[in-house]
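Throughout, protein chains are lettered first and strands after them, A, B, ... in sequence-line order, and every chain is numbered starting at 1. Just so it is clear, the values below take in all heavy atoms, side chains as well, and ignore hydrogens, waters and symmetry mates.
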Amino acid sequence: MPSARHRHLGRGLPLLALLVLAGLAHAGPAQGGPTDDGVPSGTMAFFSGGACPAGWATATVVQGRLVVAVADPGNSGVTVGTPLGDQEDRQHQHTYTGKVTLGSDNIAGADGSNDNGAAAQAYTVTGTTGMGSSSLPFVQVQPCVKM
Amino acid sequence: MRENVRYAGWLAVLLPLLALAGCAAGSPVVPGSDGGTGGSASDGGVMDAGSDAGTVVGDALPPSAVSFFLGVGCPKGWVPFMTGDGRFLVPTVATSPAGLTTGTPLASGEDRQHVHGVSATFNLGSTSYVGVSGGGNGGVTSAGNVGMMTMSDPASTGLPYVQLLACRKNTMPVPGSAPLPKGLQMFFDMAACPTGWLQTSATQGRFIVGLPQGAPQDVTFGGSALSSTDAGPDVRTHTHTNTATLNTTSHGIALASGCCGGGYGANGTYMSTMDTAAADTGLPTLQILHCEKQ
């Protein structure tokens with residue numbers, strides 16, 4: 001016949017085992033809940049395949065834009081320009097101002113009414129170049145931010 | 001009764017100890033499969049002084065990862081990526097060296113400008129007078145070609161961008177509850193991708209643009225991929241063309257038109273093809289390894 005002490009010990013051991021198991025199960029990884037991939041919240045990364053995985057959302061501020069790295073958090077989020085459209089190879093042009101100097105070609109005659117000749121002088125030529133692309137290579141990839 | 005009291009007291013001491021032991025066993029530093037093969041990762045994980053003794057906090061990304069963040073600062077275990085400050089990060093091509101840079105870093109919010117040399121050649125037509133060439137009136141010009149060379153005004157490429165904080169991981173990974181997602185692309189400040197990652201294919205040598213809403217993914221466009229070698233980075237240039245116009249004014253001569261004082265430039269409107277010299281955009285880059293989680 002087990003003693004009272006042995007009966008209490010028998011009841012206590014399963015409880016101890018349960019407590020140990022509960023303690024170890026509580027010791028999860030450092031990040032998030034049971035389905036978290038361990039990437040820090042706020043991480044912006046590109047994903048192949050066009051869709052953000054569970055726990056991530058589209059980084060809308062990056063859609064249609066390139067990304068410039070900055071080391072000062074105070075400069076993060078600044079945007080320049082308007083977003084690109086689908087596969088848009090953005091064009092640009094330049095204005096210019098130049099001078100054309102027409103030199104003299106002497107003639108034995110006074111000034112008069114025959115206006116067929118072009119005056120020998122400096123002329124200003126202004127204009128705009130045609131539109132052109134940067135010729136840079138691009139690839140459009142899904143941007144996602146970890147929630 | 002006395003035995004029940006003794007056992008209750010024993011459990012009251014043991015229970016807290018067991019709970020503490022369970023919590024301390026969590027968040028181990030695992031130099032696991034996502035650990036890098038290079039880089040400068042030093043310590044394993046970061047001890048969190050604010051939590052229970054022995055707990056290590058961190059994240060699942062490998063050391064030497066370089067990532068962008070939408071937030072107020074680099075996460076614990078990361079430091080600002082100074083090398084890339086003010087630059088576009090462009091994935092390297094195959095085994096081409098990382099670390100090559102072009103241009104000078106952008107100031108915050110800067111829309112970088114560039115210029116081109118511009119040239120054109122106008123061919124003036126001829127007119128003649130009933131008179132003798134030479135003499136003392138130099139008011140008219142000669143027929144023939146006359147050139148123009150100038151510099152264009154500065155202009156931006158118009159390429160839009162967003163500035164994001166870039167940080168470099170300096171600690172070993174701490175796994176999450178789930179594996180890192182397949183298809184995750186990450187820059188690495190190292191020579192080769194970590195185990196479990198492969199160098200991206202479509203992004204090599206290309207500026208990455210965030211996919212516009214509704215657009216097809218992973219499509220390349222624009223120029224051919226940059227190809228840099230040990231000799232130096234590939235600096236891509238471009239040109240423009242158009243038509244330039246010269247409008248002359250007249251200089252009247254008191255001679256009738258005809259023979260034989262000829263070869264004088266005719267007054268009129270002249271058109272010429274205008275070409276620019278090749279110029280690069282001035283957009284600053286840093287070439288760096290780009291890997292994708294398998």
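Of the atoms belonging to Ser133(A), it is backbone heavy atoms, and not side-chain ones, that fall under 4.5 Å from chain B. In this structure, chain A has a heavy atom under 4.5 Å from the backbone of Pro179(B), while its side chain stays farther away. With a 4.5 angstrom heavy-atom cutoff, Met186(B) touches chain A only via side-chain atoms. Looking at Tyr123(A), only its side chain comes within 4.5 Å of chain B, counting heavy atoms on both sides. Ser142(B) touches chain A through backbone and side chain together, each having a heavy atom under 4.5 Å away. Residue Leu106(B) touches chain A through its side chain alone, counting heavy-atom pairs closer than 4.5 Å. The parts of Thr157(B) that come within reach of chain A are both its backbone and its side chain, each placing non-hydrogen atoms under 4.5 angstrom from that chain. Using a 4.5 Å cut-off between heavy atoms, Thr82(A) contacts chain B through its backbone alone, with no side-chain atom that close. Contacts of Pro83(A) with chain B are made by backbone atoms alone, with heavy-atom separations under 4.5 Å and no side-chain atom involved. For a residue to count as touching a neighbouring chain, one of its non-hydrogen atoms must lie under 4.5 Å from one of that chain's; by this rule Thr101(A) touches chain B with the backbone only. For Leu286(B), no part lies under 4.5 angstrom from a heavy atom of chain A. Residue contact with chain A, scored on non-hydrogen atoms closer than 4.5 Å, involves the backbone and the side chain of His114(B) alike. Looking at Val78(A), both its backbone and its side chain come within 4.5 Å of chain B, counting heavy atoms on both sides. Proximity to chain A is absent for every atom of Phe187(B), based on heavy atoms less than 4.5 angstrom apart. When heavy atoms are compared at a cutoff of 4.5 Å, Ala256(B) approaches chain A solely by way of its backbone atoms N, CA, C and O. The contact between Thr203(B) and chain A is made by backbone and side chain atoms together, counting heavy-atom distances below 4.5 Å. For chain A, the nearby part of Asn247(B) is the backbone; its heavy atoms alone come within less than 4.5 Å.
Between Leu164(B) and Ser76(A), some side-chain heavy-atom pair lies under the 4.5 Å cut-off. Side-chain contact between Leu255(B) and Asn114(A) is absent, with no heavy atoms from C-beta onward closer than 4.5 Å. Phe122(B) is listed as a side-chain neighbour of Val100(A), based on a closest heavy-atom distance under 4.5 Å. Counting only heavy atoms from C-beta outward, the side chains of Arg236(B) and Ser135(A) approach each other to under 4.5 Å. For the pair Trp56(A)/Pro181(B), a side-chain contact is recorded, criterion being any heavy-atom separation below 4.5 Å from C-beta on. Met149(B) places none of its side-chain heavy atoms less than 4.5 Å from the side chain of Lys99(A).
Per-residue heavy-atom pair counts under 4.5 Å with chain A were compared for Gly131(B), Ser156(B), Gly147(B), Gly71(B), and the maximum is reached by Ser156(B). Counting heavy-atom pairs closer than 4.5 Å to chain A, the top residue among Thr83(B), Val79(B), Asn267(B) is Asn267(B). The candidate with the highest count of non-hydrogen atom pairs below 4.5 Å against chain B, out of Gln93(A), Gln63(A), His94(A), is His94(A). The candidate with the highest count of non-hydrogen atom pairs below 4.5 Å against chain B, out of Val61(A), Thr60(A), Leu136(A), is Leu136(A). In terms of heavy-atom pairs under 4.5 angstrom with chain A, the leader among Thr141(B), Thr150(B), Leu246(B) is Thr141(B). Across Leu102(A), Thr129(A), Val80(A), the residue that shares the most heavy-atom pairs under 4.5 angstrom with chain B is Val80(A). For chain A, the option among Ser67(B), Gly252(B), Ala166(B) with the highest count of heavy-atom pairs below 4.5 Å is Gly252(B). Counting heavy-atom pairs closer than 4.5 Å to chain A, the top-ranked of the candidates Gly84(B), Ala155(B), Ala225(B), Ser128(B) is Ala155(B). Between chain B and the residues Asp89(A), Thr58(A), Asp111(A), Asp86(A), the most heavy-atom pairs under 4.5 angstrom are made by Asp111(A). Looking only at heavy-atom pairs under 4.5 Å with chain A, the residue among Gly158(B), Ala202(B), Pro80(B), Gly134(B) that has the most is Gly134(B). Comparing Cys144(A), Gly127(A), Pro143(A), Ala120(A) by how many heavy-atom pairs each has under 4.5 Å with chain B, the most go to Ala120(A). Listed options Gly55(A), Gly50(A), Gly64(A) were ranked by heavy-atom pairs under 4.5 angstrom with chain B; first place goes to Gly64(A).
Panel note: side chain Asp37(A), backbone Gly176(B); no donor-acceptor pair is recorded below 3.5 Å. Formation of a donor-acceptor pair under 3.5 Å by the Asn242(B) side chain with backbone atoms of Thr128(A) is found in this model. Panel note: side chain Tyr129(B), backbone Ile107(A); no donor-acceptor pair is recorded below 3.5 Å. The backbone N or O of Gly130(A) lies less than 3.5 Å from a partner atom in the side chain of His240(B), making a donor-acceptor pair.
Rounded to the nearest 0.5 angstrom, Phe207(B) CZ and Ser134(A) OG are separated by 7.5 Å. Asn116(A) contributes atom CG, which lies 10.5 Å from atom CD1 of Ile253(B) (distance to the nearest 0.5 angstrom). Going from atom CZ of Phe88(B) over to atom CG of Leu66(A) covers 5.5 Å, rounded to the nearest 0.5 Å. The line from CG of Asp72(A) to CG of Leu165(B) is 8.5 Å long, rounded to the nearest 0.5 Å. Asp115(A) contributes atom CG, which lies 10.5 Å from atom OG1 of Thr127(B) (distance to the nearest 0.5 angstrom). Residue Thr97(A) holds its OG1 atom at 9.5 Å from CE of Met148(B), rounded to the nearest 0.5 Å.
In the model, Ser133(B) has no side-chain atom that pairs as donor or acceptor with a side-chain atom of Asn106(A) under 3.5 Å. Side-chain N/O atoms of Ser48(A) and Gln185(B) include no donor and acceptor closer than 3.5 Å.
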Could you list the donor-acceptor pairs under 3.5 angstrom formed between side-chain atoms of residues 208-222 of chain B and any protein atom two or more places apart in sequence or on another chain?
from      : atom 1 : to       : atom 2 : distance (Å)
Gln217(B) : NE2    : Gly49(A) : O      : 3.2
Asp218(B) : OD2    : Gly49(A) : N      : 2.9

* Asked: Stepwise, does the side-chain contact (heavy atoms from CB on, under 4.5 Å) test hold for Phe47(A) with Glu292(B)?
  -> CA-CA 8 Å; Phe47(A) 280 81; Glu292(B) 181 171 319; over 6 Å; no

* **side-chain contact (heavy atoms from CB on, under 4.5 Å) between Arg87(B) and Val68(A), intermediate numbers included** => CA-CA 5 Å; Arg87(B) 296 182 180 277; Val68(A) 170; 5.9 Å; no

* Show the numbers, then the answer: is there a side-chain contact (heavy atoms from CB on, under 4.5 Å) between Val67(A) and Phe68(B)? => CA-CA 9 Å; Val67(A) 177; Phe68(B) 300 112; 3.5 Å; yes

* Go through Leu159(B) and Phe138(A) one step at a time and tell me if the side-chain contact (heavy atoms from CB on, under 4.5 Å) criterion holds. => CA-CA 11 Å; Leu159(B) 289 170; Phe138(A) 304 99; 3.8 Å; yes

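Taking Glu88(A) as the reference, Arg90(A) meet the salt bridge (charged side-chain N to carboxylate O under 4.0 Å, His left out) condition, with sequence neighbours excluded.
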